[in-house]
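Please read the structure below before turning to the comments.
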Amino acid sequence: MKLYIGGAYQGQTELAVQENPDAEVLTDFHEMVREALRRGEEPRAFAVSICEVKPDAVVVCNEVGAGVVPIDAGERAFREAVGRALCVVAQNAESVTRCVCGIGVRIK
Amino acid sequence: MTILITGGSGCGKSTYAERVIASNPHKKRYYIATMQVYDEESVRRVARHRAQRQDKGFTTIERQKDLGALELESGCAVLLEDLPNLLANEMFDGGDPERIIPALESLNDRCGLLVLVTNDIFSDGVVYPDMTQEYIRLLSRVNRAAAMMADQVIEVVYSIPLYIKGGTSCV
């Protein structure tokens, strides 16, 4: 498993596809976490199941946790859930790449 | 030794901060908890943090404002969690935000190991009402002052520590 992260539209999806042409790329992982929350799943357990079911996948996700803590409880839970889920993916991943302005920085 | 740890929501800052303290030899370890517990969500958060740091030898000090008045023995290890809550308490609950930086300086002088946890709240591109903008501005000032006095500044990105200042891992 590999993980590509970045702020909105920082080029993480393009980079993930470019560097892993033959892999299954799971884009917008943050939206997958949102759906999991909606289904009532615990975010870490959700991430563990993704790691188990798709160990060779490339996960692409927006960084969404670097803002003022939202007043809305649902938005607050969403941001934290993405963080918790990504900690699991990052620990499982053989590499983690953070994309800034289209440039990937390998942080693991 | 003073270490500032930053990162976004749910990125593993606390876990990392606790590991830093636990892996150092200081016998006396204090956890300064600044969050006001006012609803079920904060009760759960406190329970999660308490469970996470049990067996790590911390004495918990509940202190929501005015850290400068704390009397701690010199040479102890302190984990302060966290600066955004401390600032919110000083700003919005009858305190004085101007006393935060001097209080951090006195902790910096007194502690053998000081670990400060803050939060990256600066990158959502939203323009908030004046009071919130002022909070963001003041937190950035506190963060920069803390980073200046810190020997190490670490950004935790989904459990991965990035060394912004001061070289390599101390865990």
Side-chain angles (χ1 to χ4, degrees), chain A residues 1-10 12 29-30 33-34 37 42-44 46-47 51 59-101 104-108, chain B residues 6-16 19 34-36 38-45 48-49 52 82-85 87-88 91-92 118-140 143 154-164 169:
Chain A
M1 176 161 275
K2 294 179 184 173
L3 174 62
Y4 288 76
I5 54 172
Y9 309 111
Q10 292 303 299
Q12 56 269 37
F29 182 73
H30 52 288
V33 173
R34 199 196 294 274
L37 275 185
E42 200 279 320
R44 263 175 294 219
F46 169 71
C51 294
V59 174
V60 181
C61 191
N62 283 9
E63 292 188 60
V64 299
V68 173
V69 177
I71 293 171
D72 179 79
E75 279 300 308
R76 199 159 61 227
F78 165 67
R79 291 197 196 185
E80 182 163 347
V82 171
R84 305 277 171 225
L86 282 184
C87 285
V88 171
V89 175
Q91 285 300 309
N92 273 281
E94 62 193 74
S95 71
V96 178
T97 305
R98 189 186 219 186
C99 212
V100 181
C101 304
V105 179
R106 202 81 79 209
I107 64 173
K108 177 182 177 183
Chain B
T6 187
S9 168
C11 70
K13 302 181 290 287
S14 303
T15 308
Y16 188 82
R19 276 174 48 209
T34 59
M35 190 178 70
Q36 303 207 25
Y38 55 91
D39 63 2
E40 202 188 314
E41 181 180 332
S42 48
V43 169
R44 280 201 306 271
R45 185 170 288 270
R48 185 175 60 76
H49 277 236
Q52 211 171 269
D82 55 24
L83 298 178
N85 273 303
L87 175 62
M91 260 184 96
F92 305 125
T118 190
N119 196 343
D120 179 0
I121 64 160
F122 307 101
S123 308
D124 58 9
V126 179
V127 177
Y128 291 93
D130 287 353
M131 193 141 40
T132 310
Q133 286 296 128
E134 179 64 4
Y135 172 79
I136 296 169
R137 194 183 67 79
L138 283 180
L139 184 61
S140 73
N143 280 356
I154 296 166
E155 180 191 8
V156 179
V157 182
Y158 308 125
S159 77
I160 299 165
L162 303 184
Y163 301 93
I164 308 291
S169 173

Do A:Asn62 and A:Gln10 have side-chain atoms, one donor and one acceptor, less than 3.5 Å apart?
no

Of the backbone (N, CA, C, O) and the side chain (C-beta and beyond), which part of A:Val96 lies under 4.5 Å from a heavy atom of chain B, both, or neither?
side chain

B:Glu41 side-chain N/O to B:Asp39 backbone N/O, donor-acceptor pair under 3.5 Å:
no

Criterion side chain to side chain contact (heavy atoms under 4.5 Å, CB included) on A:Arg98 and B:Leu162, from CA distance to verdict:
CA-CA 11 Å; A:Arg98 189 186 219 186; B:Leu162 303 184; 3.7 Å; yes

Salt bridge (Lys or Arg N to Asp or Glu O under 4.0 Å) partner of A:Glu80, chosen from B:Arg44, B:Arg48, B:Lys13:
B:Arg48

Step-by-step side chain to side chain contact (heavy atoms under 4.5 Å, CB included) determination, A:Val68 to B:Val126:
CA-CA 9 Å; A:Val68 173; B:Val126 179; over 6 Å; no

Output the option from B:Val157, B:Asp124, B:Ile121 having the highest count of non-hydrogen pairs under 4.5 Å with chain A.
B:Ile121

Do side-chain atoms of A:Glu63 reach the backbone of A:Gly83 as a donor and acceptor pair under 3.5 angstrom?
no

Chain A contact residues among residues 128-135 of chain B, heavy-atom distance under 4.5 Å
B:Tyr128, B:Thr132

Flag side-chain contact, heavy atom, 4.5 Å: A:Val69 against A:Arg76
yes

Heavy-atom pairs under 4.5 Å with chain B: which of A:Cys87, A:Gly65, A:Ala66, A:Gly67 has the most?
A:Ala66

Report which part of A:Leu3 has an atom under 4.5 Å of a heavy atom belonging to chain B: side chain, backbone, both, or neither.
neither

Any heavy-atom pair between the side chains of B:Asn119 and B:Leu83 that's under 4.5 Å?
no

Examine whether an atom of A:Val64 lies under 4.5 Å from a heavy atom of chain B, and if so say whether it belongs to the side chain, the backbone or both; otherwise answer neither.
backbone

